[in-house]
Amino acid sequence: MLIDLVLKNRSYRRFDSKVTVSSELLRQLIELARVCPSSRNQQALKFVGVNKPDLCAALYPNLAWAGYLKDWLG
C-alpha cells in the first residue's frame, strides 16, 4: 500500500486533521520520503515527525507550503 503511493509520486497537500497518525506509521512514511529521489539526488531535506496536537499547533503557523491553499485549516 505505502509503496504504491510512493511509486505514483504525487504530492498530497490536504489531510483530515481529526485523524491521528501513529508514531510507527509516521516513521515509516519518513523513511519512504527519505529514500525518494530529490533534486540532483542530494537528499538535502531533514524530517521531523510531529503527531501530537500541541506540537502540530506550534508547527502549523510556520508552514509556507500550504500558502496557496487559502481554505486550508490544518
Thr20: what forms a side chain to side chain donor-acceptor pair (under 3.5 Å) with it, not counting sequence neighbours? none
With a 3.5 Å cut-off and sequence neighbours excluded, list the donor-acceptor pairs that the side chains of residues 50-59 form with protein atoms.
from	atom 1	to	atom 2	distance (Å)
Asn51	ND2	Val21	O	2.8
Asn51	ND2	Ser23	OG	3.3

Nearest 0.5 Å, what's the CZ-CG distance between Phe47 and Leu32? 10.5 Å
Can you pull out every salt bridge (charged side-chain N to carboxylate O under 4.0 Å, His left out) where at least one residue sits in residues 19-29? Sequence neighbours excluded, please. Glu24-Arg27
